[in-house]
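The next block holds one structure in the form of structure tokens; read it before the comments.
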Amino acid sequence: MEDYPKSLLEFEKKFGTEESCREYLVRLRWPDGFVCPRCGDERSWQTKRGLLVCSACQYQVSPLAGTIFQGTHKPLAMWFRAIWWVTSQKTGASALGLQRVLGLGSYRTAWAWLHKLRRAMIRPGRDRLSGRIEVDETYVGGQETGKQGREHGKKALVVIAAQEDGRKIGRIRMRRVPDASAQSLVPFVADVIEPGSVVHTDGWSGYAGLKRKGYVHEATAQGRLDIPGAEEDLLPRVHRVVSLLKRWLMGTHQGAVSPEHLDYYLDEFTFRFNRRTSKYRGKLFYRLVQQAANVDPAPYDSLIKHVRGRNRKENKI
Ligand SMILES: [Zn+2]
């Protein structure tokens, strides 16, 4: 069942009430029907407040418990609007934009919602890339120009894998890594690419161990890097992804992405990029609600645990 709205009008018709949103969530969370986690019975009924009650043992389950919506003080219909807005826009949403469109009183709530949704954008246990894949690293964040060297500490190293699809780019994967050593790069390849695939990199020694891991490693030694565009010609797909990623971070997020949150922005970029050819944006909506219903909750404190000096009192999100 891939039942999703194909337009804003359809979205509004379908998800106008709290009940319709809950019902959709229940169907995505238990696609084969609700089964009581305590006694295994398949018969249940719903209370007015939306709790599922097992007909055999009366055990009660909130469809929101154990999802990213757990503990929310806002209507599910508002969350659905947020998800629609985030997925229906090609370049995604900023916290300020989301705050405006939902009429949220607090910027922090909008920020936290986006971060919760980003945590649902990468499906655990997803399949690995296969075929022929370009892999390379790049520095992201901080100041791109000026202040030579001073801002370098804010930059993060990101390793990117881009699948070849003829002359085009297939699917991508990316990850922030502490450095460009083999200890950082080889495990990334092992996690995201099927053994037996062709992995195309530059001549960097950090990739030398790939053959032993069962990959066909094609290393193209760098030519003269003082020639502008030399690297881009070497691994064109991965560098196209890099420039789109940087443009997105600078555009939608105006470069305001701190290194400790970068991983989640990379997940969002990957989620969008890998679905960029979907005919209907509603399909992204469907996928994100489905994944939001099946990933663990991310309480506010866990979102900001790396951020010092923030006021932690306001966590009713
Ligand atoms: Zn039961």
Side-chain angles (χ1 to χ4, degrees), residues 1-6 10-87 102 104 109 112-128 191 264 267-268 271 275 280 282-305 312 314-317:
M1 176 217 71
E2 290 208 353
D3 169 23
Y4 51 84
K6 293 182 179 62
E10 270 188 42
F11 169 81
E12 286 181 340
K13 268 193 202 152
K14 211 169 156 59
F15 300 110
T17 66
E18 200 62 7
E19 290 70 42
S20 56
C21 296
R22 274 184 195 272
E23 197 231 334
Y24 191 73
L25 185 69
V26 167
R27 272 194 292 146
L28 290 190
R29 195 165 172 198
W30 292 283
D32 302 318
F34 176 75
V35 178
C36 173
R38 193 209 256 165
C39 76
D41 203 277
E42 293 175 8
R43 293 163 303 158
S44 65
W45 57 281
Q46 259 191 61
T47 69
K48 269 197 178 135
R49 286 176 52 230
L51 296 174
L52 291 161
V53 185
C54 171
S55 303
C57 76
Q58 313 304 317
Y59 188 68
Q60 295 191 347
V61 177
S62 161
L64 307 190
T67 75
I68 67 156
F69 311 113
Q70 178 175 308
T72 186
H73 295 256
K74 296 275 197 283
L76 195 55
M78 202 165 183
W79 275 97
F80 274 40
R81 281 184 168 274
I83 295 175
W84 176 264
W85 200 66
V86 164
T87 52
L102 294 183
L104 288 167
T109 301
W113 279 30
L114 282 178
H115 270 283
K116 281 170 183 255
L117 292 176
R118 284 187 190 110
R119 276 163 168 71
M121 285 183 185
I122 292 302
R123 184 181 43 186
R126 62 204 173 137
D127 55 343
R128 290 185 283 189
D191 286 348
Y264 300 107
D267 286 351
E268 178 176 357
F271 176 82
R275 290 166 184 80
Y280 295 111
K283 202 163 181 173
L284 277 74
F285 170 84
Y286 167 84
R287 193 61 70 197
L288 189 50
V289 177
Q290 183 187 47
Q291 290 173 199
N294 290 290
V295 300
D296 289 337
Y300 186 71
D301 280 353
S302 78
L303 299 177
I304 59 165
K305 65 173 183 250
R312 294 186 178 207
E314 191 190 331
N315 59 3
K316 287 190 175 174
I317 48 179

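In listed order, ligands and their atoms are each counted from 1.
Protein nitrogen, oxygen and sulfur atoms, that is N, O or S, within less than 2.8 Å of the Zn ion (ligand 1) amount to 4.
For Val53, the side chain to side chain contact (heavy atoms under 4.5 Å, CB included) partners are Trp45, Thr47, Gln58, Gln60, not counting sequence neighbours. The side-chain hydrogen bond (donor to acceptor under 3.5 Å, both in side chains) test applied to Glu268 returns Arg118, Arg272, not counting sequence neighbours.
Judged by the 6.0 Å and 45° rule, Lys6 forms a cation-pi pair with Tyr280. A cation-pi arrangement is present between Arg119 and Tyr264 under the rule of less than 6.0 angstrom and at most 45 degrees off the ring axis.
Pairs passing the salt bridge (Lys or Arg N to Asp or Glu O under 4.0 Å) check and including a residue from residues 28-41, sequence neighbours excluded, read Asp41-Arg43.
With contacts defined as side-chain heavy-atom distances shorter than 4.5 Å, the pair Phe80/Phe285 qualifies.
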